[in-house]
Amino acid sequence: MILKTVKLVLRCLYIVNTLLRHKNRSLGSFFYSIKFLLTKRQSFIGICQIIYLMAKEITPRSEDYSKWYNDIVRKAGLAENSAVRGCMVIKPLGFGIWENMKSVLDGMFKDTGHVNAYFPLFIPKSFLSKEADHVEGFAKECAVVTHHRLMNNPNGSGVVVDPSARLEEELIVRPTSETIIWNTYKDWIKSYRDLPLLINQWANVVRWEMRTRPFLRTAEFLWQEGHTAHATSEEAVEEAKMIHEVYARFAEDYMAMPVIKGAKTESERFAGALETYTIEALMQDGKALQAGTSHFLGQNFAKAFDVKYLNRDNKEEHVWATSWGVSTRLVGGLIMTHSDDEGLVLPPKLAPTQVVIIPIPKPDPVIMEHADKLSAALKAQGIRVKIDRDEKKRPGFKFAQYEMEGVPVRVGIGKRDLENNVVEVARRDLKSKESVAIDGVVKYVADLLGEIQNNLLAKAKAFRSDHTTSVDNFEDFKSAIENKGGFVQAHWDGTPETEDKIKELTKASIRCIPNDSVLEEGKCVYSGKPSKQRVLFAKAY
RNA sequence: CGGGAUGUAGCUUAGUCCGGUUAAAGUGCUGGUCUGGGGGACCAGAGAUCGGUGGUUCGAAUCCACUCAUCCCGACCA
């Protein structure tokens, strides 16, 4: 600070000097100098403010939740905005989490009899219009390919679209693949022997969103979409429900993100579905996140694309369909479920790096020998380990860095530790640490990873139950949504009109009709009409 | 798509109202010295067509017009 002040004073002297050298414009210069002095003083104050602000790297949640979320995404290195509006670059840490999610889910799909395939990115425009509800749901956010060639700009530099290369039929960049897939299934399905057809694809899709947020809503995102065909309605419903279970299990067991399973109301359903099953998670700001959906599509697409099979009685019938998906949105849910004001917090099962080993104060041969040995032993247990070999950065900096990146366990190895035959083990979730005897450290760390996983789930569950409120009149309803946030359980008369009205008045929507909702006589919280069960309301992402 | 705000070095910004010196600072980056168990100190350096285009002016980061982008609040949506 003192140095800065001195520099400022020197600059002032310089100005005075300049002033003297420009006597011919004395009056103007004089006023200019005064102004210059004032503005420089402002700069000085501004700089002090910046320094103050930079002490806190991440905006606290209590101050601005959105900023906090963006800070985590950027400073932990999960993703960043790209040159393309609404599209993000997923960086190695963010993609590493997605890869782990993908690999677990893919295993679960395979275990339940599904296989992967890949369908085109482009969908002929005419396909999309074959199912009326479906097209209505997506028409407003489609990217359209109209041309297939560029040419040098005849008026100057750069390239322009070649007007002579207009496509006969425009192509839609898939917002979802039902249409192209059912157009294909038409040729694949002839007999009941071809059923069920259980296919999944990992792909990117594009929905031209007005407002985007990293992971939660981007114009392009990565997902999986399962599309299955069945001989009977019952079998298709069963499939949709089974996948619903898979999603819930994945969310709780791997993401440590508790979810409410339930069905969507008619107005919240997927465009073209007869029933949509959803898993709903609660974020730390009290807003709900739809984390995965599984749809029973009835025969809508089979009829639209004329997909028929011959049953055992040699009679033609339309097949019954499901589709289901989860996306990179899950990464956003993961961030908002566990992370804190220090940075990202990752559940060990999905963390790209589960354990980081830091030599203290810096890598040296003796310490590195122990680090390598420990790393190898942990790897042998199937644990994902990284050794920080950077000689330039200091341990304190590294600690802060890995906390920001959410690495679940940090092992510090220093000379003093080695003299005592211990290492220092720190856990990210509680930010606590202790010395552990080298002999037992592998088992200790392995157990700790499990404990962290359990603790994160328990903490998230506790948060959710603290933020779930049961109400019986509209005043309490509004107050709960407005002041406390979170899930609100209330009776609803079952009409879209009431649902809309409540949403208009409170911004809360029906997240789902929970599977485990008990049947009880009650009155709709808004209209007072009779209701048989409570549904789950919340403000949503 | 409506309302509001912001674009200046890799990042965070000051300066813009009220046009005028060689565009400023922190952080990050490079090299060096001393350091080293919770975001080190010092020294030296590199790094900016002030978002873009056009206009007004002797002179534009600063004023005007248009445009692009980002963020926030709505509507829409996974």
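In the text below, chain A, chain B and the rest are named by the order of the sequence lines, each starting its count at 1.
Residue Arg394(A) places at least one side-chain N or O closer than 4.0 Å to OP1 or OP2 of G37(B).
Atoms NZ (Lys140(A)) and P (A75(B)) sit 13 Å apart, rounded to a whole Å. Rounded to an integer number of Å, the gap from Lys503(A) NZ to C77(B) C1' is 9 Å. Rounded to a whole Å, the CD atom of Glu391(A) is 16 Å from the C1' atom of G32(B). The interatomic distance linking Lys91(A) (NZ) with C11(B) (C1') rounds to 11 Å, in whole Å. Rounded to whole Å, atom C1' of G38(B) lies 9 Å from atom CD of Glu424(A). Atoms CG (Asp64(A)) and P (A5(B)) sit 18 Å apart, rounded to a whole Å. At whole-Å resolution of the value, CG in Asp388(A) and P in G39(B) are 16 Å apart. The NZ atom of Lys398(A) sits 12 Å away from the C1' atom of G37(B) (whole-angstrom rounding).
Using a 4.0 Å heavy-atom cutoff across all strands shown, Asp417(A) reaches at least one base atom of the nucleic acid. Arg74(A) comes within contact range of no nucleotide atom at all, as no heavy-atom separation falls under 4.0 Å. Here Lys433(A) lies in heavy-atom contact (under 4.0 Å) with a base. Nucleic acid contact class of Phe221(A) (heavy atoms, under 4.0 Å, all strands): base. Thr218(A) comes within 4.0 angstrom of a nucleotide base, judged by non-hydrogen atoms across all strands. Using a 4.0 Å heavy-atom cutoff across all strands shown, Gly333(A) reaches no nucleic acid atom at all. Nucleic acid contact class of Glu268(A) (heavy atoms, under 4.0 Å, all strands): none. At the heavy-atom level, Arg410(A) lies under 4.0 Å from base atoms of the strands shown. Heavy atoms of Lys415(A) sit under 4.0 angstrom from at least one base atom. Residue contacts for Leu289(A): at a heavy-atom cut-off of 4.0 Å it reaches no nucleic acid atom on any strand shown.
Ring pair Phe270(A)/His134(A): centre-to-centre distance below 6.0 Å. Aromatic pair Trp324(A)/Phe109(A): centroids less than 6.0 angstrom apart.
Between Ile413(A) and Leu216(A), the residue anchored closer to the 5' end of RNA chain B is Ile413(A), taking for each the nucleotide with the nearest heavy atom. RNA chain B is contacted by both Ser327(A) and Ser82(A); Ser82(A) maps to the nucleotide lying nearer its 5′ end (nearest heavy atom per residue).
Each of G39(B), C76(B), C72(B) was ranked by its minimum atom distance to the side chain of Asn70(A); first place goes to C72(B). The Lys362(A) side chain lies nearest to G36(B) when the options are G39(B), G36(B), C76(B). For Pro395(A), the listed nucleotide lying nearest its side chain is G37(B); candidates were C72(B), A75(B), G37(B). You'll find that the side chain of Met404(A) is closest to G39(B), out of G39(B), C73(B), C29(B). Listed nucleotides G74(B), G39(B), C71(B) differ in distance to Phe397(A); the shortest reach to its side chain belongs to G39(B). The listed nucleotides are G38(B), G37(B), C77(B); the one nearest the side chain of Arg217(A) is C77(B). Listed candidates were U70(B), G39(B), A75(B). Nearest to the side chain of Asn81(A) is U70(B).
U70(B): Watson-Crick or G-U partner is A5(B), with both key distances under 3.5 Å. Of the nucleotides present, U30(B) is the one that pairs with A44(B) by Watson-Crick or G-U wobble criteria, both distances under 3.5 Å. Shown here, G37(B) forms no base pair; nothing in the strands shown gives a Watson-Crick or G-U wobble contact with both key distances under 3.5 Å. In this structure, C50(B) forms no base pair with any nucleotide, since neither Watson-Crick nor G-U wobble geometry is met with both distances under 3.5 Å. The nucleotide U62(B) finds no pairing partner, because no Watson-Crick or G-U wobble arrangement with both distances shorter than 3.5 Å includes it. In this entry U22(B) has no Watson-Crick or G-U wobble partner, no candidate having both defining distances under 3.5 Å.
Inspection of the Gln224(A) and His114(A) side chains reveals no N or O donor paired with an N or O acceptor under 3.5 Å. A donor-acceptor pair shorter than 3.5 Å can be found between the side chains of Thr322(A) and Thr228(A). Using modelled atom types and a 3.5 Å distance limit, the side chains of Trp223(A) and Asn204(A) yield no donor-acceptor pair. No hydrogens or angles considered: nothing links the side chains of Asp439(A) and Asn421(A) as a donor-acceptor pair under 3.5 Å.
For C1(B) and A60(B), the C1' atoms lie 34 Å apart once the distance is rounded to whole Å. Using C1' as the reference atom, C68(B) and A24(B) are 27 Å apart when rounded to the nearest Å. Rounded to the nearest Å, the gap between the C1' atom of A23(B) and that of G15(B) is 8 Å. One P atom belongs to G59(B), the other to U16(B), and the distance between them is 22 Å to the nearest Å. Nucleotides C73(B) and G55(B) place their P atoms 39 Å apart, quoted to the nearest Å. Nucleotides G28(B) and C66(B) are separated by 36 Å at their C1' atoms, to the nearest Å.
Each of Lys67(A), Met336(A), Gln284(A) was compared with Arg61(A) under the side-chain contact (heavy atoms from CB on, under 4.5 Å) criterion, and only Gln284(A) meets it.
Residues Lys431(A) and Glu342(A) are paired through a salt bridge, judged by an N-O separation under 4.0 Å between the basic side chain and the carboxylate.
You'll find a donor-acceptor pair under 3.5 Å spanning the side chain of Glu403(A) and the base of G38(B), going by distance alone.
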